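Since the structure comes first, as structure tokens, the remarks are kept for the end.
The structure displayed is predicted, hence computed values, not measured ones. Both ligands and their constituent atoms are indexed starting at 1 by order of listing.
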Amino acid sequence: MRKAFASLTLLAAATAAQAGTVSVTVLDKDGNPVADAVVVVVPAAAGATRHPLPAAATVSQLKMQFVPAVSLVPLGARMTFVNNDSWEHHVRGSAAGAAQFTSGGVGGFELRLDGKPEGKAAKSGEVVMDKAGPVLLGCHIHGSMRGHVYVSDSPWAQKTSPEGQAVFDDVPDGAAQVRVWQADQLIDLPARAVTAGASPARLTVQLQVVPRRRRV
Ligand SMILES: [Cu+2]
């Protein structure tokens with residue numbers, strides 16, 4: 001019993017020595033915190049995170065909006081799109097950000113979802129996200145509908161909190177790159193370098209835009 005306890009303590013110490021905290025704050029052009037930006041950390045060293053992204057996610061179409069507005073999923077995730085409105089919607093997925101000008105529409109997807117009949121199950125469709133990067137969601141019928149899915153090829157990825165923060169507590173020690181994506185920041189920000197280690201690494205990234213607010 002005592003031996004097992006000692007081994008556990010050793011294990012905990014070893015884990016702590018190999019991983020550090022990276023804390024990223026995202027601000028807009030005016031210096032205000034930005035929620036729902038995506039922060040991706042790519043460590044140079046191999047490792048695993050204790051907080052993997054869920055391999056399946058659902059986006060609803062509700063009252064003419066994509067809910068949630070921004071989904072963060074791992075590469076290969078299975079996305080389910082559900083139309084909860086009583087009228088027809090489309091789901092058009094295309095490369096977002098700078099990639100929309102270079103991809104020529106290749107690699108996107110399209111679904112057509114009938115409206116939800118009164119008292120019956122909503123219609124849904126599935127898509128496997130097999131390409132990393134941001135995807136813009138739209139609807140052919142309703143031009144105002146806009147949403148995003150960010151497909152991360154690194155398991156260290158988070159959406160920022162209302163305070164604009166993403167805190168990673170288990171980044172392998174050593175050099176790492178930090179990428180920040182936000183829906184209205186069309187020109188990719190340069191990746192930033194941090195060093196994960198015994199003392200927490202803190203980084204502030206400022207967007208070149210003030211994100212537009214979503215109507216509620
Ligand atoms: Cu629609």
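Distance CE/M79 to CG/L137: 7.0 Å, rounded to 0.5 Å. Atoms CG and CD, on L207 and Q185 in that order, are 5.5 Å from each other to the nearest 0.5 Å.
Here 3 is the count of protein N, O or S atoms positioned under 2.8 Å from the Cu ion (ligand 1), waters not counted.
Residue pairs satisfying the side-chain hydrogen bond (donor to acceptor under 3.5 Å, both in side chains) criterion with at least one member in residues 71-83, sequence neighbours excluded, are listed as follows: R78-E126. Among residues at least two apart or in separate chains, side-chain hydrogen bond (donor to acceptor under 3.5 Å, both in side chains) pairs with a member in residues 132-143 are H89-H142, R92-H140, E110-H140. Within the structure, side-chain hydrogen bond (donor to acceptor under 3.5 Å, both in side chains) pairs that include any residue of residues 28-43 do not occur (at least two apart or interchain).
Here the two rings, on F168 and W156, have centers that are 6.0 Å apart or farther.
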